[in-house]
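Presented below is the structure to which this report refers.
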Amino acid sequence: QVQLVESGGGLVQAGGSLRLSCAASGRTFSSYAMGWFRQAPGKEREFVAAISWSGGSTYYADSVKGRFTISRDNAKNTVYLQMNSLKPEDTAVYYCAARGVRNGNTYYTSKGSYDYWGQGTQVTVSS
C-alpha cells in the first residue's frame, strides 16, 4: 500500500509558475512509476506527465510539453511537477498516482494503469 499526498497548489497569474509535490509513504517508493493527472470542472481526468521509477524516462501530454517538468527524488520519496508559463486552461485539480513496476524504465499514461492516487491539489490560473 502506498499513500500519496500532494501539495503546492494555489492561485497564480497567467505566465507564472508553481511546483507541485507528491510525498509518498508506505512501500518502497523507488519501485513505483509515477504520474500526474488533472481534472477540470465538468471534464474527464486527463494525463499530464509520467516518470519511470528510475527517473530516466519521462513523458508529457502535448498540452504541457515544454512548459511542465516531472522529476522525482527517491531518497525523499517525492515526485515533483514544475509548471511554468501557466495558462488559464491549466486550471484544475492535480492528482499524483503510483503503480508498482519491475522495470526501471516503464511509465504509464493511462489513468486506469495506476493503483494508488492522492487526494489532489487545486491549481487556479487567472488571466
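These figures come from a predicted structure and were not determined experimentally.
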Sidechain-backbone polar pair: T91 side chain, V125 backbone, donor-acceptor under 3.5 Å: yes
Which heavy atom in Y32 sits nearest to a heavy atom in G100, and how many Å separate them? CD2-N, 3.2 Å
Between S54 and N105, is a side chain to side chain contact (heavy atoms under 4.5 Å, CB included) present by the stated rule, with each step listed? CA-CA 6 Å; S54 70; N105 293 316; 3.3 Å; yes
Strictly by disulfide bond (SG atoms under 2.5 Å apart), give each pair with a member in residues 56-87 just once, sequence neighbours left out. none
One thing to verify: whether D62 and K65 come together as a salt bridge, which I'm taking to mean a side-chain N less than 4.0 angstrom from a carboxylate O. yes
Taking the side chain as every heavy atom from C-beta outward, state whether V123 and L20 have any pair of such atoms under 4.5 Å apart. yes
Look at the side chain of N84 and the backbone N and O of G16, then say whether any donor-acceptor pair between them is shorter than 3.5 Å. no
Does the side chain of I51 reach to within under 4.5 Å of the side chain of S57, using non-hydrogen atoms? no
Residues Y94 and L81: closest non-hydrogen pair is CD2-CD2, 4.1 Å
Would you give the length of the straight line joining atom OG of S21 to atom CZ of R72, rounded to the nearest 0.5 angstrom? 13.5 Å
Atom pair OG1 (T124) and CG (L86), whose distance is rounded to the nearest 0.5 Å: 10.5 Å
Could you give the distance from OG1 (T78) to CE (M34), rounded to the nearest 0.5 Å? 9.0 Å
So R67 and K87, do their side chains get closer than 4.5 Å, heavy atoms only? yes
At their closest point, which heavy atom of A92 faces which heavy atom of A40, and how far apart are they? CB-N, 3.8 Å
Tell me whether Q122 contacts the main-chain N or O of G9 through its side chain, where contact means a donor paired with an acceptor under 3.5 Å. no
Can you tell me how far the CG atom of N77 sits from the OG atom of S25, to the nearest 0.5 Å? 8.0 Å
Min side-chain heavy-atom separation Q3-Y116 under 4.5 Å: no
I want to know whether Y114 and F37 have ring centres closer than 6.0 Å. yes
Please round to the nearest 0.5 Å and tell me the distance separating atom CD of E6 and atom SG of C96. 4.0 Å
How far does CG of D115 sit from CD of Q1, to the nearest 0.5 angstrom? 9.5 Å
How close do S126 and L11 get, heavy atom to heavy atom, and via which atoms? CB-CD1, 4.3 Å
Could you tell me if the side chain of Y59 sits less than 4.5 Å from the side chain of F47, heavy atoms only? yes
With the side chain counted from C-beta on, respond yes when K111 and E44 share a heavy-atom pair under 4.5 Å apart, and no when they do not. yes
Closest approach of T106 and A33, non-hydrogen atoms and distance? O-CB, 3.6 Å
Parallel, tilted or perpendicular: which fits the ring planes of Y95 and W117, with parallel below 30° and perpendicular above 60°? perpendicular
Under 4.5 Å between any side-chain heavy atoms of R45 and R38, yes or no? no
Quick one: closest heavy-atom pair of S52 and Y107, and the distance? N-CB, 4.1 Å
Under the 6.0 Å and 45° cation-pi test, does R19 pair with Y80? yes
Measure the shortest side-chain to side-chain distance between Y60 and I70 over non-hydrogen atoms and say whether it is less than 4.5 angstrom. yes
Determine, stepwise, if the pair S17 / Q82 fulfils side chain to side chain contact (heavy atoms under 4.5 Å, CB included). CA-CA 8 Å; S17 298; Q82 177 67 44; 4.0 Å; yes
